[in-house]
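Okay, structure first, notes after.
These numbers come from the heavy atoms of this one structure, side chains and all, not from hydrogens, waters or symmetry mates.
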Amino acid sequence: MTKPSRSKGQKSAAPQTAQLDAVRKLSSRGQDEQARMRVTQLRARYPDFKPLLALAWEVEHNAGNAPTACLHAWDWAATAHGSLAALEALRDSAFAAGFPALGASAAHRLAQAEGLPVADLPPLPGTLAEATFEQAVAIDLSRLFLSHGRFAQAIDALQGIDHPSARNNLALARFAQGDVAAALDIYETNWRQNERNLFALAHAVSLRLWRGGRHAAQEPAAALRAAQPQRTEDMYSKLFALLQLGEYAALLDAWRAAREAPFWQEGGAAEEAACACFAGVAALRTGDKQAAGSLFAEARALAPDNLDAALAAAALAVPELGGEADAAGGAFHDWFPHDWLAQLRSAAGMPAKETLLDALVRRCDAHPDHPTLVGHLAAIKDALGAGLDEIEALFGRAAELDPTYLFAQAGLARVAARKGEVERARELLAPLESREEYHYSEWRAILMAELEIARARQDLALMRELRVALQELAEQFR
């Protein structure tokens with residue numbers, strides 16, 4: 001006798017009503033994190049149960065988290081075809097989250113579904129160019145997906161959309177996926193088509209620096225210095241690029257000029273806070289901790305959820321963390337692709353430190369033309385006690401890629417001194433000591449190289465002086 005099949009006509013698994021009610025109870029009590037966790041667990045266990053998409057939207061909607069509610073509403077509407085409740089949720093959440101074209105599109109679909117007369121939706125004005133309604137919806141969708149790490153969906157949403165804002169978002173998604181060359185090509189093409197597109201120009205500067213150092217970034221950097229921002233968003237882009245270029249005095253001058261510009265009061269608090277945060281990092285890197293603290297506090301007052309400013313301000317306030325304030329405000333998340341960061345974070349969570357090293361080596365192998373990445377690998381290998389020849393080769397490669405990369409040159413000088421090649425170490429270090437201004441981490445790198453030279457010469461008095469100087473530097477920037 002054949003065992004009867006239970007697959008035919010069998011209903012897909014579904015959670016119990018009590019489980020759904022428990023989530024709603026948590027949500028109604030304001031226990032948002034617990035409610036989210038329960039929904040996530042239920043969706044993992046019952047992936048085909050569509051009402052859980054509606055419940056996920058309900059939890060975020062009740063929590064006042066409009067962007068994530070909008071994402072869940074999109075998923076719900078895309079899965080539950082013809083659901084008026086899903087379209088209503090998408091309409092309301094999209095408008096609340098600042099995606100007006102997406103909200104209007106949902107309202108349009110809702111009216112059609114209800115048999116109401118609908119008019120064609122008109123083009124929308126834009127900062128860089130007028131957008132057809134189809135373009136505006138795609139741009140909103142890509143923004144929604146980008147903000148939640150759905151980079152492949154952002155790219156899909158932008159297919160066939162010919163608009164400068166769409167191209168900017170496409171480049172963001174490509175970079176997040178690790179396709180740096182494609183992102184750079186899109187940014188540069190976009191800027192050359194419209195030189196008012198400072199967002200594209202700033203990111204072109206950043207990625208030119210990323211791939212080939214200062215020499216490679218000369219042309220877009222010159223254009224950026226001459227650019228006159230007309231909006232707060234433009235100023236954000238200019239300050240971001242000046243920070244990457246290390247032109248801190250120019251950044252602070254641009255920041256002061258921005259605050260007197262007519263457009264400044266028309267911008268949003270988030271952009272103004274980010275600009276203040278960039279200015280704070282520049283002040284910190286020029287040694288003005290008091291001004292940096294004031295600027296970070298200003299950024300936090302404008303936008304309390306500005307994480308960079310909050311971390312930097314906290315680090316400055318706690319002596320033991322003072323040296324971390326600079327890194328906290330360094331926009332690290334904008335400098336490396338999200339896919340890379342995810343791999344490195346995953347590796348860092350594993351017990352063997354070699355796992356993290358292996359992940360970084362793979363990144364260097366995949367992108368051998370990135371001086372900062374190679375320099376980081378050399379420093380980590382040095383800290384882990386690798387052979388001097390291997391460390392020297394890596395620092396040499398980084399210096400070859402970017403001859404202005406101070407940390408690579410100082411690293412070469414340190415290695416030469418350890419090998420007993422004192423005169424070569426002095427020759428490598430001498431050109432680095434002619435500047436009038438240094439970031440404290442740059443000056444520390446120079447002092448560390450001087451200490452290695454003094455140790456190679458067995459100059460005990462100079463070694464003591466240099467150790468004191470390093471200690472004073474550390475105390476100054478706590």
Side-chain angles (χ1 to χ4, degrees), residues 209-217 245-246 285 287 323 326-327 330 353-354 356-365 367-477:
L209 282 169
W210 202 98
R211 299 190 75 205
R214 292 179 183 278
H215 179 75
L245 287 164
R285 292 184 181 178
D326 181 82
K353 60 188 175 184
E354 288 78 11
L356 177 58
L357 185 62
D358 289 343
L360 190 54
V361 169
R362 287 196 299 274
R363 292 272 62 82
C364 286
D365 289 343
H367 298 268
D369 55 354
H370 178 17
T372 307
L373 198 61
V374 176
H376 284 325
L377 178 59
I380 290 173
K381 289 252 187 182
D382 189 7
L384 293 176
L388 291 179
D389 288 344
E390 183 181 6
I391 298 166
E392 185 176 40
L394 287 167
F395 276 132
R397 173 62 179 156
E400 202 174 279
L401 290 167
D402 181 3
T404 67
Y405 188 23
L406 183 146
F407 295 101
Q409 299 288 354
L412 284 172
R414 283 203 315 274
V415 173
R418 287 180 198 164
K419 286 185 167 184
E421 301 170 4
V422 174
E423 291 309 313
R424 187 166 76 88
R426 286 284 342 137
E427 289 173 5
L428 287 163
L429 201 57
L432 308 182
E433 299 176 321
S434 60
R435 283 164 44 182
E436 293 182 6
E437 264 187 11
Y438 296 88
H439 178 230
Y440 83 91
S441 61
E442 293 175 329
W443 188 239
R444 182 178 181 278
I446 290 172
L447 291 179
M448 292 293 288
E450 290 280 13
L451 181 60
E452 290 292 350
I453 293 171
R455 185 178 287 114
R457 287 177 169 168
Q458 299 185 346
D459 189 336
L460 298 182
L462 182 56
M463 287 172 65
R464 281 194 296 272
E465 287 180 20
L466 288 166
R467 288 195 181 106
V468 169
L470 282 163
Q471 180 62 33
E472 289 175 350
L473 188 68
E475 290 174 355
Q476 181 183 353
F477 287 94

Separation between CZ of R464 and CG of D459, rounded to the nearest 0.5 Å: 9.0 Å
To the nearest 0.5 Å, what is the distance between CZ on R455 and CG on L451? 4.5 Å
If you compare all heavy atoms of [X] against all heavy atoms of [Y], which two are closest, and at what distance to 0.1 Å?
X: L466; Y: A454; answer: CD1-CB, 4.0 Å
X: A378; Y: I391; answer: O-CG2, 4.1 Å
X: F407; Y: F395; answer: O-CE2, 4.0 Å

For residues 411-420, which residue pairs qualify under salt bridge (charged side-chain N to carboxylate O under 4.0 Å, His left out), counting only residues two or more places apart or in two chains? D382-R414, D382-R418, D389-K419, E392-K419, R418-E452
Salt bridge or not between E400 and R397? Use side-chain N to carboxylate O under 4.0 Å. yes
All side chain to side chain donor-acceptor pair (under 3.5 Å) counterparts of E465, not counting sequence neighbours: none
Counting C-beta onward and ignoring hydrogens, is there a side-chain heavy-atom pair between I446 and L406 closer than 4.5 Å? yes
Checking A413 now: which residues fulfil side chain to side chain contact (heavy atoms under 4.5 Å, CB included) with it, not counting sequence neighbours? L428, L429, A449
